*Asks:* 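Below: one structure in structure tokens.
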Number of protein chains: 2
Amino acid sequence: MAPKPEITIHDIAKKLNISASTVSRALKDNPLISEATRKKIKKAAIEMGYRPNVMAANLRTRRTNTIGVIVPLINRHFFSSVISGIEDVAYKQGFAVTISQSNDKLEKESTIAHSLFSNRVDGLILSIGMETQSYDHLKLFSERNIPLVFFDRIVEEIPAHKIVVDDFGGAYRATQHLIEQGRKKVAHIGGPLNLQIYAKREAGYRKAISDAGLQINENQILHNSLTRQDGLNAIKSILKTKERPDAIFCANDTTALSAIIHLKERGIKVPEDIAIVGFSNEPFSELVTPSISTIKQPGFEMGQKAAELLIKQIGSKTKPKAYETIMMETELIVRNSSQRK
Amino acid sequence: MAPKPEITIHDIAKKLNISASTVSRALKDNPLISEATRKKIKKAAIEMGYRPNVMAANLRTRRTNTIGVIVPLINRHFFSSVISGIEDVAYKQGFAVTISQSNDKLEKESTIAHSLFSNRVDGLILSIGMETQSYDHLKLFSERNIPLVFFDRIVEEIPAHKIVVDDFGGAYRATQHLIEQGRKKVAHIGGPLNLQIYAKREAGYRKAISDAGLQINENQILHNSLTRQDGLNAIKSILKTKERPDAIFCANDTTALSAIIHLKERGIKVPEDIAIVGFSNEPFSELVTPSISTIKQPGFEMGQKAAELLIKQIGSKTKPKAYETIMMETELIVRNSSQRK
DNA sequence: TTGTAAGCGTTATCAT
DNA sequence: ATGATAACGCTTACAA
């Protein structure tokens with residue numbers, strides 16, 4: 001069966017003996033067009049199976065009504081919550097959303113950014129990858145005044161709206177909670193310090209320790225990429241240090257999970273011997289035994305906020321006078337991995 | 001600061017006193033262009049900060065080098081594995097991938113399909129939502145000969161390549177395993193039967209039961225949308241039936257999880273009193289206590305295969321003579337929720 | 001090896 | 001209220 005031919009506004013125009021511009025206007029509900037012709041045109045469009053060629057329209061209008069989103073990994077509860085929040089407001093405002101994952105690779109992040117730029121997305125929302133330390137691929141957007149909004153893993157130096165959570169406060173609260181449970185020697189499994197979120201989490205941790213008048217054992221502060229394997233290496237390494245800690249604050253739930261599993265295997269009791277707190281409230285944290293105490297981040301709301309700011313910026317043709325950094329509150333969720341018995 | 005102006009091939013041409021077509025050809029590495037001018041042009045392009053306008057090129061070539069992907073939910077390990085598989089082969093072949101989630105809503109699925117069509121994606125890979133029972137939004141693609149590949153949740157009637165797993169075999173194996181553990185009364189929490197995967201899983205379950213000469217209690221076969229809440233309702237309802245089952249085969253891990261949690265709360269022992277097997281091998285299944293026995297599906301490979309078939313089809317201008325249905329093998333993973341003690 | 005010119009399907013400007 | 005025409009930025013016969 002031969003494919004249906006592409007129907008264009010010209011085909012509709014010819015059929016109805018009117019001009020293409022009238023068709024275009026009618027389909028866009030331009031009020032200049034009379035009710036009667038508008039109806040006639042829309043009817044014909046449906047009958048003929050007309051489908052607008054968005055590329056042509058975009059080329060002409062220099063707008064795509066598309067928002068690009070780059071996240072490190074779509075299969076993380078936090079990130080997919082943010083994406084859902086973005087979609088929630090974007091769709092309501094008539095924007096399409098195209099999602100890409102960088103897999104925490106700078107090269108892929110850069111490729112995607114170029115691709116999104118070349119496709120002329122109207123704006124970009126992103127959370128940078130662990131490797132990202134140079135920002136040429138993002139300059140593209142700022143140079144051409146294409147709105148950019150960062151969330152979570154932001155780049156401080158780039159002028160743009162930023163949606164973050166209170167990483168410092170959350171980490172402080174998490175560490176303080178461990179101390180309140182009577183722990184004196186709290187270790188830390190942290191992320192790469194080029195990402196501000198991890199630097200802030202570590203800072204919050206350090207502050208909580210020093211506010212409580214306790215000591216930090218620098219050998220028990222580790223930095224890695226926070227994968228399952230990294231977590232395993234980290235906990236092993238911590239167990240080899242001289243004074244075994246009685247608690248660990250992990251910069252994410254994945255490493256908290258690794259730690260818990262390894263400690264169980266070694267017969268070290270969680271939380272009795274070593275208490276654990278994670279960060280992010282991944283769904284698995286409440287399912288493991290013991291369930292993982294963690295810091296909850298409002299992902300969906302962050303996505304909504306990011307999309308709102310971005311779309312507002314897309315709408316106004318002038319640059320915002322000032323860039324906002326919106327800090328969302330976190331919440332400590334106490335579960336079994338940290339409770340005093 | 002004023003935004004940098006858009007640089008076009010004409011700007012480059014003017015600067016170098018050559019024609020735009022030469023620039024276009026050089027940038028595309030057309031062998032007709034001499035080495036010298038090619039180099040000169042590429043150098044200028046970089047210096048001037050040229051970024052191709054993909055929309056214009058697409059409009060002209062009627063190709064976007066973009067693959068659309070629609071999945072019910074990106075935040076499911078199975079689906080995000082498939083997506084990673086798709087990206088793996090697509091990027092290598094120079095295709096961009098744009099991912100969307102339908103949230104199992106027909107309306108959203110339809111909106112997305114129309115949007116992808118209007119943006120003239122070169123091909124579509126999709127797994128339909130739970131509500132999807134009419135396929136007008138997919139006819140669009142077949143009518144215009146835009147290649148379509150289904151995976152997992154396929155539509156039997158639509159002519160297209162299909163990548164599925166052996167749902168029947170997996171379910172058969174899962175149920176057989178329960179029977180081998182000495183279970184005589186196996187219940188089933190199933191999905192909506194308009195989705196073939198769930199119909200097949202139920203069929204596999206039924207076959208295993210009858211092959212073993214056991215009876216099915218039709219009151220203990222339930223159908224729902226397999227959410228956490230649905231699973232909870234289902235297990236409650238099963239517990240109310242006259243002859244309590246000694247095993248349950250759940251059509252996904254989510255409902256298996258609900259069942260396990262509820263049974264624990266009620267003091268009913270898993271697997272001693274009721275053994276459970278799920279389906280999909282979501283990451284949480286090995287983390288819960290007891291860990292969930294389940295059927296593993298090769299998501300990444302399915303994605304790779306889907307992308308390969310799609311891209312091959314995009315490449316050839318003729319319709320494939322026959323549409324393949326590729327069935328991938330599943331694997332039973334035995335964990336604690338089903339082991340005889 | 002390079003240039004000229006037409007055209008992809010739409011929208012915007014200017015007429016009528 | 002509608003039409004004619006040019007233009008968006010690129011690719012591609014065809015010509016030179």
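Below, read A as the first sequence line, B as the second, and so on, with proteins coming before strands; counting in each chain starts at 1. Quantities reported herein were computed from a predicted structural model and do not represent experimental measurements.
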*Asks:* What residues from residues 35-44 of chain A pass a heavy-atom cutoff of under 4.0 Å to DNA chain D?
*Replies:*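 Result for residues 35-44 of chain A: A:Thr37, sorted by number.
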*Asks:* B:Lys92: what forms a salt bridge (charged side-chain N to carboxylate O under 4.0 Å, His left out) with it, not counting sequence neighbours?
*Replies:*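 Scan of B:Lys92 (salt bridge (charged side-chain N to carboxylate O under 4.0 Å, His left out), adjacent residues dropped) gives B:Asp88.
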*Asks:* Got a sec, which residues hit salt bridge (charged side-chain N to carboxylate O under 4.0 Å, His left out) with A:Glu47, two or more places apart in sequence or on another chain?
*Replies:*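 A:Lys43.
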*Asks:* Should the heavy atoms of other residues, nucleotides or ligands under 6.0 Å from CD of B:Glu107 be counted, would the total exceed 12?
*Replies:* no
*Asks:* Tell me every residue that passes ring-ring contact (aromatic ring centres under 6.0 Å, His included) with B:Tyr323, counting only those two or more places apart in sequence or in another chain.
*Replies:* B:His161
*Asks:* Can you list every pair that meets ring pair (Phe, Tyr, Trp, His ring centres under 6.0 Å) and has a residue in residues 43-71 of chain B, with sequence neighbours left out?
*Replies:* none
*Asks:* Tell me, please, which residues at least two apart from A:Lys305 pass salt bridge (charged side-chain N to carboxylate O under 4.0 Å, His left out).
*Replies:* A:Glu308
*Asks:* Once salt bridge (charged side-chain N to carboxylate O under 4.0 Å, His left out) is applied, do any residues pair with B:Lys312, and if so which ones, sequence neighbours excluded?
*Replies:* none
*Asks:* Which atom names give the shortest non-hydrogen contact between A:Phe78 and A:Gly299, and what distance separates them?
*Replies:*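 Taking every non-hydrogen atom into account, CE1-CA, 3.9 Å.
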*Asks:* Write down the atom of B:Gln101, the atom of A:Ser84, and the distance for their closest heavy-atom approach.
*Replies:* NE2-OG, 3.6 Å
*Asks:* Nucleotide range of DNA chain C contacted by chain B, 5' to 3', under 4.0 Å to a heavy atom?
*Replies:*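 Footprint of chain B along DNA chain C, 5' to 3': C:dT1 to C:dG9.
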*Asks:* List the atom pairs, donor and acceptor, that lie under 3.5 Å between side-chain atoms in residues 120-130 of chain B and the rest of the protein, sequence neighbours left out.
*Replies:*
unit_1: B:Arg120; atom_1: NE; unit_2: A:Glu6; atom_2: OE2; d: 3.4
unit_1: B:Arg120; atom_1: NH1; unit_2: A:Pro52; atom_2: O; d: 3.3
unit_1: B:Arg120; atom_1: NH1; unit_2: B:Phe117; atom_2: O; d: 3.1
unit_1: B:Arg120; atom_1: NH2; unit_2: A:Glu6; atom_2: OE1; d: 2.9
unit_1: B:Arg120; atom_1: NH2; unit_2: A:Arg51; atom_2: O; d: 3.2
unit_1: B:Asp122; atom_1: OD1; unit_2: B:Thr64; atom_2: N; d: 3.0
unit_1: B:Asp122; atom_1: OD1; unit_2: B:Thr64; atom_2: OG1; d: 3.2
unit_1: B:Asp122; atom_1: OD2; unit_2: B:Arg63; atom_2: NE; d: 3.4
unit_1: B:Asp122; atom_1: OD2; unit_2: B:Thr64; atom_2: N; d: 3.4
unit_1: B:Asp122; atom_1: OD2; unit_2: B:Asn65; atom_2: N; d: 2.6
unit_1: B:Ser127; atom_1: OG; unit_2: B:Phe151; atom_2: O; d: 3.0
unit_1: B:Ser127; atom_1: OG; unit_2: B:Arg153; atom_2: N; d: 3.2

*Asks:* Taking only residues two or more places apart in sequence, or in another chain, which ones meet B:Asp29 in a side-chain hydrogen bond (donor to acceptor under 3.5 Å, both in side chains)?
*Replies:* B:Lys42
*Asks:* Spell out protein contact along nucleotides 3-11 of chain D as letters: B when the base is contacted, S when just the sugar-phosphate is, - when no protein heavy atom is under 4.0 Å; keep the 5' to 3' order.
*Replies:* BBBBBBBBB
*Asks:* Between the two ends of the helix from C:dT1-D:dA16 to C:dT16-D:dA1, what is the bend in degrees, rounded to 10 degrees, where each end axis spans five pairs?
*Replies:*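 End-to-end axis angle for the helix from C:dT1-D:dA16 to C:dT16-D:dA1: 40°, rounded to 10°.
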*Asks:* For A:Asp136, is there an ion pair with A:Lys139 - N to carboxylate O distance below 4.0 angstrom?
*Replies:* yes
